[in-house]
Amino acid sequence: MLNIIQIKENPDKIIRGLEKKRFPDADQMVQKVLFLDEKRRNTQTELDRILGEINNLSKKIGQLMKEGDKQEADRIKNVTRDLKEDSKKLGILQDELENALENVLYNIPNVPHPEVPEGRTAEDNRVILQQGTIPELPEHALPHWELIEKYDIIDFALGNKLTGAGFPVYKNKGAKLQRALINFFLDEAHKKGYIEIQPPVVINAASGTATGQLPDKEGQMYQLKDEDFYLIPTAEVPITNIYRNVILKEEELPVKNVGYTPCFRREAGSWGAHVRGLNRLHQFDKVEIVRICRPEDSYGALKIMCDEVISLLSLLELPYRMVQLCGGDLGFTSAMTYDMEVYSAAQKKWLEVSSVSNFETFQSNRLKLRYKNQANKNILLHTLNGSALALPRIVAALLENNQAPEGIRIPAALVPYTGFEWIH
RNA sequence: GGAGAGGUGGCCGAGUGGUCGAAGGUGCUCGCCUGGAAAGUGAGUGUGCCCCACAAGGGUACCAUGGGUUCGAAUCCCAUCCUCUCCGCCA
């Protein structure tokens with residue numbers, strides 16, 4: 001969530017930012033925050049004063065009791081009783097104001113960085129660069145959902161039997177390809193200095209709230225029936241939450257973590273004919289990179305992370321492009337996002353395989369993730385993350401782009417991991 | 001799952017109703033000592049919020065979490081979570 005201080009210091013800037021993000025009623029929401037905050041502070045000042053008075057009188061009672069002046073002690077007790085009434089009322093008001101304020105803040109998205117382009121939808125995103133050659137496929141080229149049947153490597157029908165739609169079963173070389181990709185991605189991240197984390201795939205509500213999935217995307221997560229737990233939609237949630245309520249030393253920065261996890265998404269409302277095959281699943285595998293760094297370093301880190309993702313795509317010999325999201329298409333928690341898309345030649349479509357974002361202090365404010373600077377002051381850190389990479393669409397593009405009469409060619413970088421050069 | 005013990009500051013550990021944000025130790029930071037280091041020695045060392053100039057200073061809250069009792073709670077009561085030991089079960 002946004003920091004109240006940011007809002008107070010420059011409300012107009014926040015409002016302009018929210019408007020860029022196409023957030024409705026930006027002005028009204030900010031005014032509400034400012035109003036609630038002032039009321040809250042006034043209430044606390046008064047409450048603290050009363051509590052201080054009670055504390056002083058209580059000490060006095062203790063002294064009087066020791067001296068044996070029970071009468072005077074009883075007289076003062078009556079005074080504190082009235083004060084306590086007042087403090088209770090104010091305490092309740094204080095809680096209400098705090099909750100109301102928090103509630104408003106939780107529902108305000110992050111503000112885009114000034115360099116984020118204007119725009120309403122994905123149509124307005126900006127293509128930053130495009131690399132690799134788009135393969136010329138022969139007439140009879142198949143989309144990946146037919147290829148997986150032809151080579152018997154992924155089974156959707158079987159997934160339907162075991163669970164339901166969107167939970168495919170990987171088999172044979174399909175299963176091994178998954179494992180190869182995961183290891184390849186993890187090893188590449190390791191080479192770049194990332195520490196590997198294997199987190200739980202089930203998280204509690206506190207974790208979901210801290211990274212911003214709750215309350216914003218509650219309906220998108222699978223929730224466990226008997227406990228207040230959720231299946232993770234991305235490794236970002238458990239990995240970033242490692243640093244919840246943590247004050248790092250400056251020399252521990254930047255933090256660079258990588259983790260492989262399955263990801264679970266309900267994708268409520270987004271199902272349809274356009275998401276055939278591997279394009280959208282309820283469960284999929286993803287390797288995620290997370291960085292935590294000082295505010296002044298975060299945009300440099302964003303650039304580096306994009307380069308790291310790009311290097312994976314070129315090693316996989318996939319044609320890709322990098323897209324900068326416009327204000328209106330930016331996610332709830334993000335200040336700036338680049339999407340990496342690969343070209344899936346049989347579908348003739350660009351598929352998003354990675355989303356690299358800088359959240360600035362939006363997450364760290366909820367996480368209470370800070371570092372102690374030279375002046376011994378606690379400073380909110382910036383958090384960033386990106387997929388490196390999400391598997392299913394990579395698989396889709398690999399299958400489609402690399403199809404040949406002999407079968408499906410595995411890119412050279414991956415062969416040491418698969419142990420085979422062809423799927424046939 | 002059953003029985004018992006327990007959750008205190010970066011760490012260890014005292015504290016069972018009053019002046020306790022919390023003894024002592026350790027770690028860390030700065031200084032003295034030293035040719036240098038060790039040892040020794042002096043000082044400092046939690047977080048949020050509020051007042052205030054995001055200074056100095058002051059106030060308030062925080063001893064797992066949430067409630068309660070009391071003029072006053074780390075200390076008493078209740079609930080929840082977690083840890084440890086034993087038993088049961090088990091990949």
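Each chain gets a letter, A, B and so on, in the order the sequences are listed, and its residues count up from 1. Keep in mind it's a predicted model, so treat the numbers as computed, not measured.
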Closest approach of [X] and [Y], non-hydrogen atoms and distance?
| X | Y | result |
| --- | --- | --- |
| Gly17(A) | Val111(A) | CA-CG1, 3.6 Å |
| Ser207(A) | Asn241(A) | O-ND2, 2.8 Å |
| Leu2(A) | Asn365(A) | O-ND2, 3.2 Å |
| Glu115(A) | Gln324(A) | O-NE2, 4.1 Å |

Handout entry: Short side-chain donor-acceptor distance under 3.5 Å, Tyr170(A) and Arg179(A)
Key =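 Arg179(A) vs Tyr170(A): no donor-acceptor pair found between side chains.
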If we call it a pair only when both distances are under 3.5 Å in a Watson-Crick or G-U wobble match, what pairs with [N]?
| N | answer |
| --- | --- |
| A14(B) | none |
| G40(B) | C32(B) |
| A55(B) | none |
| U85(B) | A3(B) |
| U60(B) | G48(B) |
| A73(B) | none |
| G66(B) | C78(B) |
| U19(B) | none |

What does the list of N/O pairs under 3.5 Å between the protein and nucleotides 78-80 of chain B look like, with a distance for each?
none

Practice task
May I ask you to say whether Lys88(A) pairs ionically with Glu85(A), meaning some side-chain N is under 4.0 Å from a carboxylate O?
Solution key: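 Looking at Glu85(A) together with Lys88(A), the answer is no, because their closest N to O distance does not fall below 4.0 Å.
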Problem - Salt-bridge criterion met for Glu19(A) and Arg16(A) (N-O under 4.0 Å) - result: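 Salt bridge flag = no for Arg16(A) with Glu19(A).
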Nearest whole angstrom, please: distance from the [atom2] of [N] to the [atom1] of [X].
| X | N | atom1 | atom2 | answer |
| --- | --- | --- | --- | --- |
| Lys249(A) | G27(B) | NZ | P | 14 Å |
| Leu57(A) | U70(B) | CG | C1' | 15 Å |
| Asn204(A) | C82(B) | CG | P | 10 Å |
| Asp228(A) | G66(B) | CG | P | 16 Å |
| Asp95(A) | G66(B) | CG | P | 11 Å |
| Glu67(A) | U19(B) | CD | P | 16 Å |
| Ile54(A) | G18(B) | CD1 | C1' | 16 Å |
| Gln374(A) | C30(B) | CD | P | 12 Å |

Exercise for the section: Using salt bridge (charged side-chain N to carboxylate O under 4.0 Å, His left out) as the criterion, point out the one residue from Arg370(A), Lys372(A), Arg294(A) that pairs with Glu250(A). Expected result: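 Between Glu250(A) and the candidates, salt bridge (charged side-chain N to carboxylate O under 4.0 Å, His left out) is satisfied uniquely by Arg294(A).
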Practice task
State, with a plain yes or no, whether a side-chain heavy atom of His113(A) is found less than 4.5 Å away from one of Asn358(A).
Solution key: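 Sidechains of Asn358(A) and His113(A): no contact.
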Exercise for the section: Measure the shortest side-chain to side-chain distance between Leu313(A) and Val353(A) over non-hydrogen atoms and say whether it is less than 4.5 angstrom. Expected result: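 Yes, at least one pair of side-chain atoms sits under 4.5 Å.
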Exercise for the section: Determine, for nucleotides 49-61 of chain B in 5'-to-3' order, which nucleotides have protein heavy atoms under 4.0 Å from the base (write B), from only the sugar-phosphate (write S), or from neither (write -). Expected result: BSS--B----BSS
Handout entry: Side-chain (Lys20(A)) to main-chain (Pro114(A)) donor-acceptor, under 3.5 angstrom
Key =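 Here the side-chain-to-backbone pair exists.
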Problem - Donor-acceptor contact present, side-chain Thr418(A) to main-chain Ala180(A), <3.5 Å - result: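 Not at all, since once roles are kept as given, no pair shorter than 3.5 Å links the two residues.
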[N] to [M] separation - [atom1] atoms, rounded to the nearest Å:
| N | M | atom1 | answer |
| --- | --- | --- | --- |
| G4(B) | C62(B) | C1' | 30 Å |
| U75(B) | U47(B) | C1' | 22 Å |
| A73(B) | G17(B) | P | 14 Å |
| A64(B) | C84(B) | C1' | 15 Å |
| A23(B) | G15(B) | C1' | 8 Å |

Problem - More than 12 heavy atoms from other groups under 6.0 Å of CD on Glu98(A) - result: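 Correct, the count exceeds 12.
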Exercise for the section: Give a yes or no on whether Lys192(A) atom NZ has more than 12 heavy-atom contacts from other residues, nucleotides or ligands under 6.0 Å away. Expected result: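 Yes, the 6.0 Å shell around NZ holds more than 12 heavy atoms from other groups.
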Practice task
Look at Lys84(A) and G72(B) and indicate whether a side-chain polar atom (N or O) is within less than 4.0 Å of OP1 or OP2.
Solution key: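 Yes, Lys84(A) has a side-chain N/O under 4.0 Å of OP1/OP2 on G72(B).
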Practice task
Quick one: label Ser58(A) by what it contacts on the DNA or RNA (base, sugar-phosphate, nothing), any heavy atom closer than 4.0 Å.
Solution key: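 Base: the residue Ser58(A), judged by heavy atoms under 4.0 Å, touches a nucleobase.
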Problem - Of Phe229(A) and Lys77(A), the one whose closest RNA chain B nucleotide lies more 5' - result: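 Final value for this comparison: Lys77(A).
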Handout entry: Closest-nucleotide 5' rank along RNA chain B - winner of Ile76(A) and Gly62(A)
Key =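 Upstream on the strand: Gly62(A).
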Protein N or O to nucleotides 45-47 of chain B N or O, pairs below 3.5 Å:
from: U47(B); atom 1: OP1; to: Lys372(A); atom 2: NZ; distance (Å): 2.5
from: U47(B); atom 1: OP1; to: Asn378(A); atom 2: ND2; distance (Å): 3.1
from: U47(B); atom 1: O3'; to: Arg370(A); atom 2: NH1; distance (Å): 2.9

